[in-house]
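The structure appears right after this line, and notes come after that.
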There are 2 protein chains.
Amino acid sequence: MSGVRAQQKEKTRRLLVDAALNQLSAERSFSSLSLREVAKEAGLAPTSFYRHFTDMDELGLTLVDEAGLTLRQLMRQARQRIAKGGSVIQISVETFMELIESNGNVFRLLLRERSGTSAAFRAAVIREIRYFTMELCDYLQQAKDLDAEVAYMQANAAVTIVFSAGSDALDIDDKYEREQLSKQTIQQLRFIARGAAELSDRRKAIRRKR
Amino acid sequence: MSGVRAQQKEKTRRLLVDAALNQLSAERSFSSLSLREVAKEAGLAPTSFYRHFTDMDELGLTLVDEAGLTLRQLMRQARQRIAKGGSVIQISVETFMELIESNGNVFRLLLRERSGTSAAFRAAVIREIRYFTMELCDYLQQAKDLDAEVAYMQANAAVTIVFSAGSDALDIDDKYEREQLSKQTIQQLRFIARGAAELSDRRKAIRRKR
DNA sequence: AATTTTAGCTTACACGTGTACACTACTGCT
DNA sequence: AGCAGTAGTGTACACGTGTAAGCTAAAATT
């Protein structure tokens, strides 16, 4: 009942998850990790791995879930900053870029598995990104009073641009270059916002005519 | 001097390249291919591989180069179609989507290696995509008379959106859904074009004032 | 015609992999 | 107190891997 056992199990499970995360880097993808390596890094015998996951795939999906969690925390953080005033786009991009800097490997995981060889992984990543997109879509519809379909297209395009910029940022060390990239990304998001706002207005005008 | 030998060598080199390409699929990435598998598929003894490439990496870079070639052929094709009249954006997207359908695995290679674990691969892919972007940038500057910096930002955003759409298209079988995706992509590109044109005009106006 | 080069072969080896199996020690339930 | 369940261990095996070494036959060079 006390659960000292379950507690310990959860603890070494985390050891495995963290071991996997720690091994990820620019040069090391999840798919290139072996069960034995992860177990070793966690300080476990290879066969002990199976007490926690049936598969490396299962561990991987857990990692993707955690990455999604990180993404959602990011959103919350961005919302808080936005509430304090300032350019929504600028704050969003800056917050995102901070994530890249502090959690590069988690982000790399998402990027890689999105185009990876496992359908389950791809689906999981896409699900997390879709969630991200939908949040933005809701915001646009509500705060900017956009047409529903237009809001979705804008949100989708914006997320695509931001993720791509994040991917580029991963390969940049120079601080100045990163700022340059941020500025460019912000401008690109403004392009999209501008175009979307216009289409939304046009559609509204048509509706009024009827 | 006749070169019957060199000719034969080139032939089996192609055998290796094609063998690698043929093994690529949604479920199989280049990095998951082994030297032995490729050699076997090409009908060669494993060790014969070394007569043509020092490494799987060298083969991989060759593949990326070929993929870049395919991309450039695509551009030429699109330009020809555009010359015959019609919406530039629509024709470009449709042409690109045809590439996805006919050369999905080549495109997958680019997508995956762009975020892969080898710096050399990443650099090679980025080089090809940059070439693609620059072509578009030149076109925009010239045909649409855009400010240089604005043209680059538009080209960059457009390529990002199109590649992302291509990536999504790879996971879609349904024809109707694909058309839907194309339409959405076209609209998103129009957002960007709209925003870019506006910024370019504004910048021009400022310059005139001086 | 004799010699050198070389594309391709077979054999061989050391290494890392996933995982089956049997065992131990300790928790948790009855 | 005693029994069942289980997190973790070490050993063992079959398999696929990259690649070194040496050989053969045919093309190219001399």
Side-chain angles (χ1 to χ4, degrees), chain A residues 1-25 27-63 112-113 116-121, chain B residues 1-25 27-63 112-113 116-121:
Chain A
M1 205 19 167
S2 75
V4 48
R5 191 161 206 163
Q7 205 174 321
Q8 180 56 31
K9 179 164 186 181
E10 191 51 37
K11 219 170 162 183
T12 77
R13 187 189 144 103
R14 265 245 70 82
L15 238 50
L16 282 169
V17 171
D18 289 341
L21 277 175
N22 283 334
Q23 309 222 37
L24 293 180
S25 73
E27 296 78 22
R28 213 81 167 68
S29 70
F30 177 77
S31 57
S32 80
L33 252 48
S34 76
L35 183 153
R36 287 173 107 105
E37 280 177 308
V38 174
K40 191 174 187 177
E41 172 85 8
L44 290 187
T47 46
S48 300
F49 181 95
Y50 296 107
R51 303 289 182 195
H52 304 275
F53 303 98
T54 66
D55 235 14
M56 276 294 281
D57 278 13
E58 202 173 297
L59 208 196
L61 290 174
T62 304
L63 255 49
R112 284 175 175 153
E113 299 311 326
T117 55
S118 153
F121 275 55
Chain B
M1 210 1 171
S2 75
V4 47
R5 191 162 205 163
Q7 205 174 319
Q8 180 57 30
K9 180 164 186 182
E10 191 51 38
K11 219 170 160 183
T12 77
R13 187 190 144 103
R14 264 246 70 81
L15 237 49
L16 281 169
V17 171
D18 289 340
L21 278 176
N22 283 334
Q23 308 223 37
L24 294 180
S25 73
E27 295 79 23
R28 213 80 167 68
S29 71
F30 177 77
S31 57
S32 80
L33 252 48
S34 75
L35 184 153
R36 287 175 107 106
E37 278 176 309
V38 173
K40 190 173 187 178
E41 172 85 7
L44 291 185
T47 46
S48 300
F49 181 94
Y50 296 107
R51 303 289 184 197
H52 303 275
F53 304 96
T54 66
D55 237 13
M56 277 293 283
D57 278 12
E58 202 174 297
L59 208 197
L61 290 174
T62 304
L63 255 50
R112 284 174 176 155
E113 297 311 326
T117 56
S118 153
F121 274 54

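Everything numeric in this text was worked out from a predicted model, so none of it was measured. Chain letters run A, B, ... following the sequence lines, proteins first, then strands; residues in each count from 1.
Rounded to whole angstrom, the span from the CD atom of B:E10 across to the P atom of C:dA7 amounts to 12 Å. When rounded to the nearest whole Å, the span between NZ of A:K40 and C1' of C:dC15 equals 13 Å. With rounding to whole Å, B:D57 atom CG is found 11 Å from D:dG18 atom P. Remark: C1' of C:dA20 and CG of A:L35 are 13 Å apart, rounded to the nearest angstrom. Atom NZ in B:K11 sits roughly 11 Å away from atom P in C:dG8 (whole-Å rounding). Between B:Q7 atom CD and C:dG8 atom P the separation is 13 Å, expressed in whole Å. Atom CZ in A:R13 sits about 12 Å away from atom P in D:dG8, given to the nearest Å. The CZ-P distance, from A:R36 to D:dT11, rounds to 13 Å in whole Å.
The side chain of A:K9 approaches D:dA7 more closely than any other nucleotide in the set C:dT19, D:dG18, D:dA7. When distances run from any side-chain atom of B:R5 to the nucleotides D:dT19, C:dA20, D:dA27, the shortest one goes to D:dA27. The B:L44 side chain lies nearest to C:dC9 when the options are C:dC9, D:dG10, C:dG18.
In this structure the side chain of B:L21 reaches within 4.5 angstrom of the side chain of B:L63, judged on heavy atoms. Side-chain atoms of A:R13 and A:F53, non-hydrogen and from C-beta on, do get closer than 4.5 Å to each other. No side-chain heavy atom of B:T117 sits less than 4.5 Å from a side-chain heavy atom of A:R28.
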Exercise for review: Under the salt bridge (Lys or Arg N to Asp or Glu O under 4.0 Å) rule, what do A:R5 and A:E10 come out as? Steps first, then yes or no, please.
Suggested key: CA-CA 9 Å; A:R5 191 161 206 163; A:E10 191 51 37; over 6 Å; no
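Considering all non-hydrogen atoms of both residues, B:E41 and B:Q23 come closest at CB-NE2, 3.1 Å. Pairing each heavy atom of A:F30 with each of A:L59, the nearest pair is CZ-C, 4.3 Å.
With hydrogens and angles ignored, no donor-acceptor pair under 3.5 angstrom links the side chain of B:T47 to the base of C:dG8.
Across all strands, A:S34 comes closer than 4.0 Å only to sugar-phosphate atoms, never to a base (heavy-atom distances).
Residues of residues 15-24 of chain A having a heavy atom closer than 4.0 Å to DNA chain D: none are found.
When the nearest nucleotides of DNA chain C are assigned to A:R51 and A:E37 by heavy-atom distance, the more 5′-ward of the two goes with A:E37. Comparing A:Q8 and B:A6 by the nucleotide of DNA chain D that holds the closest heavy atom to each, the one mapping nearer the 5' end is A:Q8.
The shortest distance between the side-chain N/O atoms of A:T12 and the OP1/OP2 oxygens of D:dG8 is below 4.0 Å.
One finds no salt bridge joining A:R112 and B:E113 here, because no Lys/Arg side-chain nitrogen approaches an Asp/Glu carboxylate oxygen to under 4.0 Å.
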